Amino acid sequence: MRFESAVTIAAGPERVWEVFSDVERWPEWTETVTSVALAEPGPLKVGSRAKIKQPKLLTAVWEVTELVEGEYFVWVSRSPGIRVTGGHWVEATPDGTVARSTIDQEGPLSPLIARLTGKLTTRYLALEAQGFKARSERA
């Protein structure tokens, strides 16, 4: 099951990437994340792990599995019966920068989890896009 959102931001890709990749500051611009704690300080890299708390969801540990600086990162969280992959892309366009987020749920429990949390996941992605846009466009 895939959930996706995209937003066009009136800011350069460097600024958008700066906000997107600074995951520990996400609680400052979105109500969908209560806290983010990196296992090791510093910029994201493949192997970075983050413990994320979100309202109405279980605390999850996400591990970065792919990253191209300034362009995208992908991270994965695993629980018994489900693997959740989150992707975050930044792309320059003539109208600004498009930021795209995806959530993919896989595994034997994914249909059940999608039914239980699908509306919440869609709502959270929309709220995150709004907050991300506002934060990126702020000087």
Side-chain angles (χ1 to χ4, degrees):
M1 177 60 118
R2 172 168 271 207
F3 301 89
E4 185 169 347
S5 73
V7 62
T8 300
I9 299 169
E14 301 82 17
R15 169 66 179 157
V16 175
W17 176 256
E18 176 187 328
V19 174
F20 229 176
S21 64
D22 190 359
V23 297
E24 287 186 298
R25 298 190 100 158
W26 285 11
E28 295 175 11
W29 52 263
T30 181
E31 64 189 73
T32 67
V33 177
T34 318
S35 70
V36 178
L38 286 173
E40 296 177 14
L44 285 184
K45 61 183 181 298
V46 172
S48 291
R49 296 176 72 217
K51 185 176 188 179
I52 299 180
K53 293 182 183 180
Q54 296 184 269
K56 301 181 183 183
L57 295 174
L58 297 174
T59 299
V61 174
W62 293 81
E63 182 174 348
V64 177
T65 57
E66 299 175 44
L67 185 144
V68 173
E69 186 70 30
E71 294 182 24
Y72 74 92
F73 73 92
V74 175
W75 54 7
V76 175
S77 179
R78 293 175 178 85
S79 296
I82 189 161
R83 171 187 156 126
V84 182
T85 302
H88 307 279
W89 286 267
V90 172
E91 180 183 348
T93 70
D95 298 323
T97 302
V98 172
R100 185 167 51 95
S101 297
T102 59
I103 295 288
D104 291 297
Q105 298 173 339
E106 302 171 300
L109 292 181
S110 64
L112 174 63
I113 299 298
R115 273 198 307 276
L116 293 174
T117 66
K119 287 182 183 178
L120 182 66
T121 299
T122 299
R123 181 173 167 266
Y124 276 14
L125 284 172
L127 287 170
E128 289 165 9
Q130 291 170 9
F132 182 59
K133 176 179 174 66
R135 179 64 165 239
S136 295
E137 291 177 347
R138 192 171 72 186

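Quantities reported herein were computed from a predicted structural model and do not represent experimental measurements. In this chain, numbering begins with 1 at the start of the sequence shown.
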Quiz item: Do Thr102 and Trp89 have side-chain heavy atoms sitting under 4.5 Å apart?
Solution: yes

Quiz item: For Val84, does its backbone N or O pair with a side-chain atom of Ser77 as donor and acceptor, under 3.5 Å?
Solution: no

Quiz prompt | Donor-acceptor under 3.5 Å (Lys51 side chain, Ala39 main chain) | solution = no

Exercise. For residues 33-70, pull every pair meeting ring-ring contact (aromatic ring centres under 6.0 Å, His included), keeping only residues two or more places apart or in separate chains.
Key: Trp62-Trp75

Practice problem: Decide whether Leu127 and Trp26 are clustered together by the hydrophobic rule: side chain heavy atoms of Ile, Leu, Val, Met, Phe, Trp, Tyr closer than 4.5 Å, transitively. | Solution: no

Quiz item: Can you name the closest pair of heavy atoms from Gly107 and Ser110 and give their distance?
Solution: O-OG, 2.8 Å

Exercise. For Leu125 and Ser101, work out which heavy atoms get closest and say how close.
Key: CD2-CB, 3.9 Å

Quiz item: Between Thr121 (side chain) and Thr117 (backbone), is there a donor-acceptor pair under 3.5 Å?
Solution: yes

Practice problem: Could you go through the side-chain contact (heavy atoms from CB on, under 4.5 Å) check for Leu44 and Leu38 one step at a time? | Solution: CA-CA 9 Å; Leu44 285 184; Leu38 286 173; 4.0 Å; yes

Self-check item: Within-4.5 Å side-chain heavy-atom neighbours: Leu120 and Leu57
Solution: yes

Practice problem: Evaluate the salt bridge (Lys or Arg N to Asp or Glu O under 4.0 Å) criterion for residues Arg135 and Glu28: first the C-alpha distance (whole Å), next the side-chain angles of each, then the deciding distance (0.1 Å), finally the verdict. | Solution: CA-CA 9 Å; Arg135 179 64 165 239; Glu28 295 175 11; 2.6 Å; yes

Quiz item: Is the number of heavy atoms from other residues, nucleotides or ligands within 6.0 Å of CD (Glu4) greater than 12?
Solution: yes

Quiz item: In terms of side-chain heavy atoms, does Glu128 have a donor or acceptor partner in Thr30 at a distance below 3.5 Å?
Solution: no

Quiz item: Would you say the side chain of Thr59 lies within less than 4.5 Å of the side chain of Lys53, judging by non-hydrogen atoms?
Solution: yes

Quiz prompt | Glu18 bridged to Arg25 by N-O distance under 4.0 Å | solution = no

Quiz item: Is Val33 reachable from Val74 through a run of I, L, V, M, F, W or Y residues, each pair having side-chain heavy atoms under 4.5 Å apart?
Solution: no

Quiz prompt | Straight-line distance of Arg83 CZ to Gln105 CD, nearest 0.5 Å | solution = 12.5 Å

Quiz item: Do Glu69 and Trp17 come close enough that some side-chain heavy atom pair is under 4.5 Å?
Solution: yes

Exercise. Answer yes or no: is there a side-chain heavy-atom contact under 4.5 Å between Ser136 and Phe20?
Key: no

Practice problem: Please work out whether the ring planes of Phe132 and Trp29 are parallel, tilted or perpendicular, with thresholds of 30° and 60°. | Solution: tilted

Practice problem: Kindly compute the distance separating CD1 (Ile82) from CD (Glu106), expressed to the nearest 0.5 Å. | Solution: 9.0 Å

Quiz item: Going only through I, L, V, M, F, W and Y residues with side-chain contacts under 4.5 Å, is there a path from Phe3 to Tyr72?
Solution: no

Quiz item: Hey, what do you get for CD (Glu91) to CD1 (Ile9), rounding to the nearest 0.5 Å?
Solution: 12.0 Å

Exercise. For the pair Tyr124 (side chain) and Pro55 (backbone), establish whether a donor and an acceptor sit closer than 3.5 Å, ignoring hydrogens and angles.
Key: yes

Exercise. Let me see the working for Thr85 and Thr65 under side-chain contact (heavy atoms from CB on, under 4.5 Å), right down to the final yes or no.
Key: CA-CA 9 Å; Thr85 302; Thr65 57; 5.7 Å; no

Practice problem: Compare all side-chain heavy atoms of Val64 with those of Lys45 and state whether any distance is below 4.5 angstrom. | Solution: no

